[in-house]
Chemist: 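Take a look at the following structure, please.
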There are 2 protein chains.
Amino acid sequence: MSDQHSTLRAQRRAETQRVIQAHAVRLFTERGYDATTVTDVAEAAGVSPMTVYRHFPTKEDLVLVDQHGRLVAERIVASSAAQPLVRRIGGALVDSAATLTRGARGDDVEAGERFLLARLRLMISTPALRARHLDNHYALQRAIVDALGNDATDPEAAFHAQVAASACLAAMHTALVRWAEDDGRTELPDVIAKALAAAFGDDIVEPTGGVGTSESAGRAERR
Amino acid sequence: MSDQHSTLRAQRRAETQRVIQAHAVRLFTERGYDATTVTDVAEAAGVSPMTVYRHFPTKEDLVLVDQHGRLVAERIVASSAAQPLVRRIGGALVDSAATLTRGARGDDVEAGERFLLARLRLMISTPALRARHLDNHYALQRAIVDALGNDATDPEAAFHAQVAASACLAAMHTALVRWAEDDGRTELPDVIAKALAAAFGDDIVEPTGGVGTSESAGRAERR
DNA sequence: ACCAATCTGGTAGTCACTACCAGTCCGGTA
DNA sequence: TACCGGACTGGTAGTGACTACCAGATTGGT
């Protein structure tokens, strides 16, 4: 069956992607993003420049690959529609961050978080990466609005959802920057929750609300 | 005096910039951003490609030039520090938008608004422009935080200011998109105010700021 | 008339990125 | 086992944004 077939292929493909990306982030961190050419990355990874472009459509994608969006959207649709918008979105962002900082990269949590931090630092300090990263947030905003599932007939409600989503994402981004500045010593979900509270008021962030994600049970005994 | 000297030079310089930018936005709108080369813009403006690069460091800057930041910062420092953060920032954004939609481009208000709309549409629909525009917001965020003038010793207060600024800017951006979708038929400051109210609650936007831009004041007709 | 600063233009080069084409590997089939 | 179709990979030759480096032209002030 092409099923098994494709999973085998997909594994190899994912592995080469991982190797290329690892070398890319390392080189970018060592020499700087602009000072490193795609050819440099290809040589370090032992492939041709063509292969790099096959796996990553642009140089920026070597740092920016992100499955964050899917995670957030899933948690949004799972959230109770009775809650206020900001709480639904904020809860999904906090939970997704908890998942990301944990199982980011295979088994080794430590290495996964270091890798995430390295990518984040690049995204923050390199203008081109920062710009594309913020644009990804823009796409994520649309995904969130879709996941909220409000009827699209009411333009006022749609506008409200757009505003809530963009403001929440902006707060999260600020939290990410703060987290990176702290070298990841603090707990990312907590920082995000604090940012949301700072923006929308302390009452908007509820630790164990109607969001039935089991991950949230394991973390953050504070509050 | 080098004063008069420089102002004369600056006038010529500003004029050529204006011409180049006008042709650029026109061509980008007609043929699309990616399908238009810098050489095309240069030919249309009657200058060499080199001259274009002298005035606009990147192709994106042909659309993105923005003095918006300075306006907002000025209004922030002029605002009362007693008000809550979000109100100070939001008020500055609304007022700046009112200034921009009015005196954007010389004498002709109509043309100025059309030009602003054309640029905005490009910024929203073209990925590269959208990304850089959002990154400009990131720089504007820092400017706002600086203008707020909170003491930098307290990291908590600084974080709070960062979050408030980024969330306000995100709400404003959503309002800009909405305004562009409406082809500028609505009043931009009102849309921004509505977005801020949607994000932070109706009570946060107060028309009592003294500046005459508010949805309650019935300035339905321009002029 | 002369000087100095600025504006403008040309040439050559780097680099990201894109077709277009060819070789290679690999799982399943006659 | 020999073969075939679909992938992954690689090379070549471009385009286009952008950047030195250099040379002529214009302009404002002495």
Side-chain angles (χ1 to χ4, degrees), chain A residues 1-21 23-25 27-28 31-65 122 126-132 135, chain B residues 1-21 23-25 27-28 31-65 122 126-132 135:
Chain A
M1 291 309 227
S2 71
D3 223 39
Q4 209 174 18
H5 161 91
S6 63
T7 53
L8 283 176
R9 296 268 177 133
Q11 276 184 4
R12 294 189 78 108
R13 190 173 173 79
E15 176 59 18
T16 61
Q17 280 186 9
R18 207 190 56 79
V19 170
I20 293 175
Q21 193 190 33
H23 282 283
V25 171
L27 288 179
F28 291 161
R31 311 183 193 170
Y33 178 79
D34 292 321
T36 308
T37 70
V38 175
T39 307
D40 293 338
V41 174
E43 284 180 4
V47 295
S48 83
M50 294 299 309
T51 303
V52 175
Y53 281 115
R54 290 274 152 66
H55 289 273
F56 300 89
T58 74
K59 185 184 178 184
E60 292 149 1
D61 286 306
L62 285 166
V63 181
L64 293 172
V65 278
L122 284 171
T126 309
L129 293 176
R130 193 175 52 216
R132 279 255 350 231
D135 191 49
Chain B
M1 295 289 248
S2 71
D3 221 38
Q4 213 174 14
H5 159 92
S6 63
T7 53
L8 283 174
R9 295 267 222 219
Q11 275 183 5
R12 295 190 78 106
R13 190 175 173 79
E15 177 60 18
T16 61
Q17 280 186 9
R18 208 190 55 79
V19 171
I20 293 175
Q21 193 191 31
H23 284 281
V25 171
L27 288 179
F28 292 161
R31 311 182 193 171
Y33 179 79
D34 292 322
T36 308
T37 70
V38 175
T39 306
D40 292 339
V41 174
E43 283 180 6
V47 296
S48 82
M50 294 300 309
T51 304
V52 176
Y53 282 115
R54 289 276 153 64
H55 289 273
F56 301 90
T58 74
K59 185 185 179 186
E60 292 148 2
D61 287 307
L62 285 166
V63 179
L64 294 171
V65 277
L122 284 171
T126 309
L129 293 176
R130 192 176 53 216
R132 279 254 350 229
D135 193 48

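So you know, we letter chains A, B, ... as the sequences are listed, proteins then strands, and number each from 1.
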Chemist: Using OP1 and OP2 only, check whether a side-chain N or O of B/His55 sits under 4.0 Å from C/dC7.
Modeler: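 Result: no.
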
Chemist: Just the rounded figure in Å: distance from C1' of D/dG16 to CZ of B/Phe28.
Modeler: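 Interatomic distance, CZ of B/Phe28 to C1' of D/dG16: 13 Å.
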
Chemist: When you measure from the side chain of A/Arg13, which nucleotide among D/dC8, C/dC17, C/dC7 comes out closest?
Modeler: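 Comparing D/dC8, C/dC17, C/dC7 against the side chain of A/Arg13, the answer is D/dC8.
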
Chemist: Hey, could you give me the OG1/CG distance between B/Thr126 and B/Asp34, rounded to the nearest 0.5 Å?
Modeler: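 It is 6.5 Å, given to the nearest 0.5 Å.
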
Chemist: All N/O contacts under 3.5 Å from nucleotides 22-27 of chain D to the protein, with atom names and distances to one decimal?
Modeler:
| unit_1 | atom_1 | unit_2 | atom_2 | d |
| --- | --- | --- | --- | --- |
| D/dT27 | O4' | B/Arg9 | NH1 | 3.4 |

Chemist: Please list, in numerical order, the residues of residues 33-47 of chain A that have a heavy atom closer than 4.0 Å to any atom of DNA chain D.
Modeler: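 Listed by number, they are A/Val47.
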
Chemist: Measure across A/Ser48 and A/Ala42 and return the closest heavy-atom pair with its distance rounded to 0.1 Å.
Modeler: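 Reported closest heavy-atom pair: C-CB, 3.7 Å.
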
Chemist: How long is the line joining OH of A/Tyr53 and P of D/dG14, in whole Å?
Modeler: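 It works out to 18 Å between those atoms.
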
Chemist: Supply the atom-to-atom distance A/Ile20 CD1 to A/Arg54 CZ, rounded to the nearest 0.5 angstrom.
Modeler: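 Output value for this atom pair is 11.5 Å.
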
Chemist: Kindly compute the distance separating CD (B/Glu60) from CZ (B/Arg132), expressed to the nearest 0.5 Å.
Modeler: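 Output value for this atom pair is 5.0 Å.
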
Chemist: Applying side-chain contact (heavy atoms from CB on, under 4.5 Å), can you list everything that pairs with B/Gln17, at least two apart in sequence or on another chain?
Modeler: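 Residues passing side-chain contact (heavy atoms from CB on, under 4.5 Å) with B/Gln17: B/Arg13, B/His55, B/Phe56.
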
Chemist: Assess whether a salt bridge exists between B/Arg18 and B/Glu15, defined as any Lys/Arg side-chain N lying under 4.0 Å from an Asp/Glu carboxylate O.
Modeler: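 Salt bridge between B/Arg18 and B/Glu15, a charged N being under 4.0 Å from a carboxylate O: yes.
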
Chemist: Rounding to an integer number of Å, can you tell me how far A/Phe56 CZ sits from D/dC8 P?
Modeler: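 Value for this atom pair: 14 Å.
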
Chemist: For B/Pro57 and A/Val52, find the nucleotide of DNA chain D closest to each by heavy atoms; which residue's nucleotide sits nearer the 5' end?
Modeler: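 Between the two, 5'-proximity favours A/Val52.
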
Chemist: Report the distance from atom CG of A/Asp61 to atom P of C/dT18, rounded to the nearest whole Å.
Modeler: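 That distance rounds to 10 Å.
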
Chemist: Let me know the distance between CD of A/Glu15 and C1' of D/dC8, rounded to the nearest Å.
Modeler: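 Whole-Å distance recorded here is 15 Å.
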
Chemist: Would you mind reading off the distance between B/Met50 atom CE and D/dG16 atom C1', rounded to a whole angstrom?
Modeler: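 Answer to the nearest Å: 15 Å.
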
Chemist: What integer distance in Å separates A/Lys59:NZ from C/dT14:P?
Modeler: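 The answer, rounded to whole Å, is 16 Å.
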
Chemist: Nearest 0.5 Å, please: how far is CZ in A/Arg31 from OG1 in A/Thr37?
Modeler: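 If we round to the nearest 0.5 Å, A/Thr37:OG1 and A/Arg31:CZ are 8.0 Å apart.
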
Chemist: Output the single nucleotide from C/dC17, C/dT8, D/dC8 whose closest atom is nearest the side chain of B/Thr16.
Modeler: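 Side chain of B/Thr16 sits closest to C/dT8.
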
Chemist: Roughly how far, to the nearest 0.5 Å, is the OH atom of A/Tyr53 from the CG atom of A/Leu62?
Modeler: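 One finds 8.5 Å between CG of A/Leu62 and OH of A/Tyr53.
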
Chemist: Report the distance from atom CG of A/Leu129 to atom NZ of A/Lys59, rounding to the nearest 0.5 Å.
Modeler: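 These two atoms lie 8.5 Å from each other.
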
